2 protein chains.
Amino acid sequence: MRTRFHENLDQLADRLQAMCLCNRDAIATATSALLGADLELSERAIDTCHEIDAMREDCEHTAVSLLALEAPVAGELRRVVTAIQLVGDLVRMAALAEHIANVARRRHPEHAVPETVRPIVAGMGAAATDMATSAAEVLVSGDPHDAAQLDGQDDTMDHLHQQLLAAILAGDWTGGTAAAVDVTLLGRYYERFADHAVEVGRRTVFMATGHSPDH
Amino acid sequence: MRTRFHENLDQLADRLQAMCLCNRDAIATATSALLGADLELSERAIDTCHEIDAMREDCEHTAVSLLALEAPVAGELRRVVTAIQLVGDLVRMAALAEHIANVARRRHPEHAVPETVRPIVAGMGAAATDMATSAAEVLVSGDPHDAAQLDGQDDTMDHLHQQLLAAILAGDWTGGTAAAVDVTLLGRYYERFADHAVEVGRRTVFMATGHSPDH
């Protein structure tokens with residue numbers, strides 16, 4: 001039987017999912033902006049990131065209302081606290097997508113990413129988009145199996161990130177130091193975006209079930 | 001008159017301060033390790049960061065107990081929620097200090113930072129250490145004036161970060177691409193550490209007074 005507490009927690013999960021889907025759109029658009037040196041797309045991605053930041057307040061308000069109206073204790077209290085921490089991850093994902101879009105905008109009409117490593121960055125963008133999609137699914141299903149999928153996707157991201165760093169450090173890097181700096185930071189942004197998506201999955205399983213997938 | 005709620009909130013602030021002072025030690029030690037290419041110091045910094053991570057659970061437990069036992073509402077509830085968000089900032093500061101120590105350890109016995117930019121990195125390390133000290137003071141005083149000091153210190157950090165990037169991108173950079181990658185990431189770690197210290201100040205003022213320093 002669903003209690004009112006669980007219904008409210010489900011509603012909160014729906015709002016968090018909406019934030020996560022916006023993150024998916026933001027990272028996909030930012031990646032297209034970056035790879036196509038497209039100013040309009042970079043601005044669209046930045047707008048989406050600002051929308052996500054505006055959604056934060058609504059989610060935090062909902063979580064605080066849940067605490068105030070339901071006064072949950074023990075495990076249920078920890079689940080609401082976890083939801084508040086989840087908002088923090090989702091807001092950081094948006095900030096990282098915005099950093100990526102900003103690199104594209106700053107370098108326009110030049111390309112920030114040299115042609116030789118564009119396929120790797122495209123792979124990282126696709127992995128990040130997939131991970132935001134998976135995290136959004138977990139936010140509604142609360143299913144530990146869905147969350148476990150994120151670990152595999154994160155391995156893909158780590159592998160691409162290693163490849164990217166290896167390409168910058170290889171003797172035949174002709175991109176120059178400025179592009180090396182940009183690409184190093186871009187790699188870091190994608191990696192952190194992915195870390196937060198994994199954390200969203202982990203925390204969501206705890207929020208939905210009261211158990212961490214690690215234990 | 002202090003209520004039991006406020007006494008418990010003060011106790012929580014004390015624990016958060018202890019975490020923040022450990023962050024100050026961690027970033028100071030990590031910076032010394034980096035500038036001196038000192039393996040022992042880098043390992044000591046990493047140990048401190050692991051201690052901070054272990055303190056997280058205690059702080060979160062204290063905050064959740066405060067919610068369960070006092071069932072605060074309205075403004076007081078928001079203040080406990082803010083304390084929980086503060087723990088997140090303090091844990092991230094430790095992770096960033098650990099990244100810096102890890103760069104030193106990975107490059108040992110080589111220097112990760114070329115001699116030409118070592119004074120800038122030393123300045124960033126000093127600024128980060130000062131900011132962790134200020135944030136720890138704010139955590140106990142809750143004083144908006146102390147928190148405002150962090151903004152000035154953050155300007156110093158931003159200025160040094162710009163100098164660091166300019167040095168990497170200058171035509172006379174002789175450090176090579178590998179050092180450019182390391183130094184780019186180090187700059188990002190210090191900058192993020194500083195951002196979190198500012199956020200600790202901002203959130204603490206809200207936790208202590210119920211008002212944000214921005215408004």
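Chain A is the first sequence line, chain B the second, and so forth, proteins listed ahead of strands; every chain is numbered from 1. Small disclaimer: the values here were computed from a predicted structure and weren't measured.
- Inter-residue side-chain proximity for His99(B) and Arg188(A) is flagged as met; some heavy-atom pair is nearer than 4.5 Å.
- The residue among Leu165(B), Val73(B), Leu67(B) with the most heavy atom pairs within less than 4.5 Å of chain A is Leu67(B).
- A 6.0 Å sphere centred on NE2 of His159(B) holds no more than 12 heavy atoms belonging to other residues, nucleotides or ligands.
- Between chain B and the options Val183(A), Val87(A), Leu185(A), the largest number of non-hydrogen pairs under 4.5 Å is found for Leu185(A).
- The local environment of NE2 in His61(B) is sparse, with at most 12 non-hydrogen atoms from other residues, nucleotides or ligands closer than 6.0 Å.
- Proximity to chain A is limited to the side chain of Leu77(B), based on heavy atoms less than 4.5 angstrom apart.
- With a 4.5 Å cut-off on non-hydrogen atoms, Leu69(A) does not touch chain B at all.
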task = Check the pair Glu60(B), Gln85(A) against side chain to side chain contact (heavy atoms under 4.5 Å, CB included), reporting the backbone distance first and the verdict last.
result = CA-CA 11 Å; Glu60(B) 285 182 351; Gln85(A) 294 169 326; 3.0 Å; yes
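- Only the side chain of Leu169(B) has a heavy atom closer than 4.5 Å to any heavy atom of chain A.
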